[in-house]
Amino acid sequence: MIGFLDLKALNQQYREELIQVVTDVIDSGWYIQGSQLAEFEKEFAAYCGTKHCIGVANGLDALTLVLRAWKELGKLKEGDEVIVPANTYIASILAITENRLKPVLVEPDEQTYNLCPTKTSAAITANTKAVLAVHLYGQLAPMPELMALADQHDLLVLEDSAQAHGAAINGKKAGNWGHASGFSFYPGKNLGALGDAGAVTTNDDELATTIRALGNYGSHKKYENLYQGVNSRLDEMQAAMLRVKLQHLDTETQRRKEIALAYAKGITHPELSQPITAHSTLTSLENHVFHLYVVRTAEREALQAHLANTGVQTLIHYPTPPHQQQAYAQWNEKTYPLTEVIHQQVLSLPISPVMTDDKVDAVIAACNSFEMP
Ligand SMILES: *Cc1c(COP(=O)(O)O)cnc(C)c1O
C-alpha cells in the first residue's frame, strides 16, 4: 500500500532532534511565549524574507487575525468586499466571514487553480477593499500582477500561504508579496508541527504590533487591554519542533519537486491533465513547492478506484466547493461552473519527502495502466 502521506515516517527522520528539543522545553519550565517562539519567529521571518513573523495558534487564526487587525486599524470595515478564489479551502473564506467582511468568490485560472489577474480585475467594485490570494496546492498565485492590480485600486492583499512555504517568484517568497500573509503549520503542511500552529508574516510594523496584541487577549502590555482580543498562541513545544523542521524544509521541498518532475515525465496517460506551473518550467521550479500533486480527469471516481485497487491511496482536494457547503447556504443557488468542474475532476496523488523512488514509479505505472470506462 502506498499511503498518501506517511507523517510517522516523515517525523521519525528527526526523532532524536525532536526528543532533544522537547526535553529542553520540559526542563526549561517555560511553556508559552518564551525563547523558542521568539527564535522561531526570527528564523521564519528570515526564511520568508519579511521583517516580522508572529506565531499564532493555527492557520485559520493567522488569516482571521490579519483581517481583524486591519479592521482595528481602520483599514477595513464590516461589509467591505474581499476577493477570494471560489475553489479555495474553506478556511480562507471563514476568515473573511468571521470578520463580517463580504467574500466575493472569483473563478480561478483553469490551468493553475489560482486567482487570475483578469478575472480578479473584473470583480473589483467600489466596495472592494482587499484580495485574499491563495497559493493553492503549493503554487504561488501570480503575485507580481496581483500586487500591481492592488496598487492601482488601493487594495490590501492577504496571502494564504498555508500550502506554499518557500515557494517564490524571482526569489521573493510566499509571505513576502502581500501586505500580510497567513501560514499554517498543521502537521500535514510542508512545514508541519506535531500539533496545531500558525503564523502571520508582514513587513508592516503597526500591523505586527496589533496582531500580537489581538492574539494575546487584546493586550499590548500586561493587564492592559486595548482590544477585545482572543487567545491565539504558538506554544514553546511546537515552536521548538518547528525550528528543527525548518532546517530541513528546503531539502524536503527539493524531494517533493523531484517527485513532481518524475510524475510529470512519467505519467503519459492522455486523459490525465498534469499540474501546470505558471512561472517556470518543471526543471526550474521556483513557484511551486508541491504541497499536493493534483491531476485532473473527467473520470475521477474510476481513476481513484483503479489506483486504490493497485494499492495507491489518493485524496480529493476538495470534494465540495465552499459555495455548495451548508455553512454558506446563502450561496448554494449560485453557480461557479469552472470551480464546480475542478471539484469534480481533481485527484491528489501521493507525494511526500519520504516517498521512495520505487513508490513513485509504482504510482506512475498505476496511473498509466488506467483504462477509461
Ligand atoms: C490548512 C489551510 C488553512 C488552515 O490552516 P489550519 O492551521 O488548519 O487552521 C487555511 N488555508 C489553506 C489554503 C489551508 O490549506
Side-chain angles (χ1 to χ4, degrees), residues 4-5 7 40 44 53-68 82-99 103 105-106 108 112-115 130-141 143 146 157-167 174-175 177-178 180-201 211 215 230-235 238-239 241-242 245 256 275 287-294 315-323 325 327-328 339 342-343 346 348 351-352:
F4 183 75
L5 167 63
L7 271 182
F40 173 69
F44 194 65
C53 166
I54 305 106
V56 297
N58 54 62
L60 173 58
D61 278 6
L63 298 170
T64 307
L65 286 170
V66 170
L67 295 171
R68 171 83 193 272
V82 181
I83 289 174
V84 62
N87 61 319
T88 186
Y89 179 56
I90 198 150
S92 323
I93 294 170
L94 293 172
I96 300 171
T97 53
E98 172 68 20
N99 279 293
L105 307 183
V106 173
T112 64
Y113 310 117
N114 276 330
L115 275 182
V131 176
L132 209 172
V134 183
H135 308 313
L136 203 66
Y137 306 148
Q139 177 167 213
L140 270 194
M143 295 312 294
L146 291 175
V157 176
L158 171 56
E159 298 173 71
D160 182 340
S161 304
Q163 304 187 355
H165 318 72
W177 279 96
S181 171
F183 283 90
S184 167
F185 308 119
Y186 176 82
K189 300 290 159 84
N190 285 25
L191 177 58
L194 281 76
D196 271 316
V200 172
T201 57
I211 289 169
V230 297
N231 173 357
S232 184
R233 301 185 291 223
L234 201 177
D235 66 68
Q238 297 305 334
M241 289 190 277
L242 283 167
K245 294 191 68 182
R256 285 179 184 275
N287 70 321
H288 204 323
V289 292
F290 289 97
H291 172 59
L292 297 171
Y293 192 92
V294 178
L315 295 176
I316 296 168
H317 299 91
Y318 299 91
T320 307
H323 73 275
Q325 299 284 355
Y328 292 113
T339 293
I342 289 170
H343 282 75
V346 289
S348 305
I351 189 162
S352 101

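Predicted model only: the values in this text are computed from it and were never measured. Scope of the values below: all heavy atoms of this structure, side chains included, with no hydrogens, waters or symmetry mates. Counting convention: from 1, in listed order, for ligands and their atoms alike.
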Element-labelled atoms of ligand 1 that are located less than 4.0 Å from some non-hydrogen atom of [X]:
X: Gly59; result: 5 (O), 6 (P), 7 (O), 9 (O)
X: Asn58; result: 7 (O), 9 (O)
X: Ala91; result: 3 (C), 4 (C), 10 (C)

Q) Is there side-chain contact between Val82 and Pro103, with heavy atoms separated by less than 4.5 Å? A) no

Q. Taking the side chain as C-beta and beyond, is there a heavy-atom pair between Leu136 and Asn87 under 4.5 Å?
A. yes

Q | Phe183 and His165 aromatic ring geometry - parallel, tilted or perpendicular at 30°/60° bounds | A | tilted

Would one find an N or O of [X], backbone or side chain, under 3.5 Å from an N or O of ligand 1?
X: Leu60; answer: yes
X: Thr88; answer: no
X: Tyr89; answer: no
X: Asp196; answer: no

Q.
Please compare Ala164, Ala162, Ser184, Gly188 and report which has the shortest non-hydrogen distance to atom 5 (O) of ligand 1.
A. Ser184

**Q.** Heavy-atom nearest option to atom 15 (O) of ligand 1, drawn from His291, His135, Gln163
**A.** Gln163

Q: Considering only non-hydrogen protein atoms, determine which one is nearest to atom 2 (C) of ligand 1 and report residue, atom name and distance to 0.1 Å.
A: Lys189 NZ, 2.6 Å

Q. Which protein heavy atom lies closest to atom 13 (C) of ligand 1, and at what distance to 0.1 Å?
A. Asp160 OD2, 3.4 Å

Q: Please step through side chain to side chain contact (heavy atoms under 4.5 Å, CB included) for the pair Trp177 and Leu140, ending with a clear verdict.
A: CA-CA 10 Å; Trp177 279 96; Leu140 270 194; 3.8 Å; yes

Q.
Tell me the closest heavy-atom pair linking Ala86 and Pro321, and the distance in Å.
A. O-CB, 4.4 Å

Q.
So, taking the atom named OG in Ser348 and the one named CD1 in Ile316, what distance separates them when rounded to the nearest 0.5 Å?
A. 8.0 Å

Identify all side-chain donor-acceptor contacts of residues 60-67 below 3.5 Å with residues at least two apart in sequence or on another chain.
unit_1 : atom_1 : unit_2 : atom_2 : d
Asp61  : OD2    : Ser232 : OG     : 2.5
Thr64  : OG1    : Leu60  : O      : 2.7

Q: Mark yes when over 12 heavy atoms from residues, nucleotides or ligands other than Tyr186 sit less than 6.0 Å from its OH; otherwise mark no.
A: no

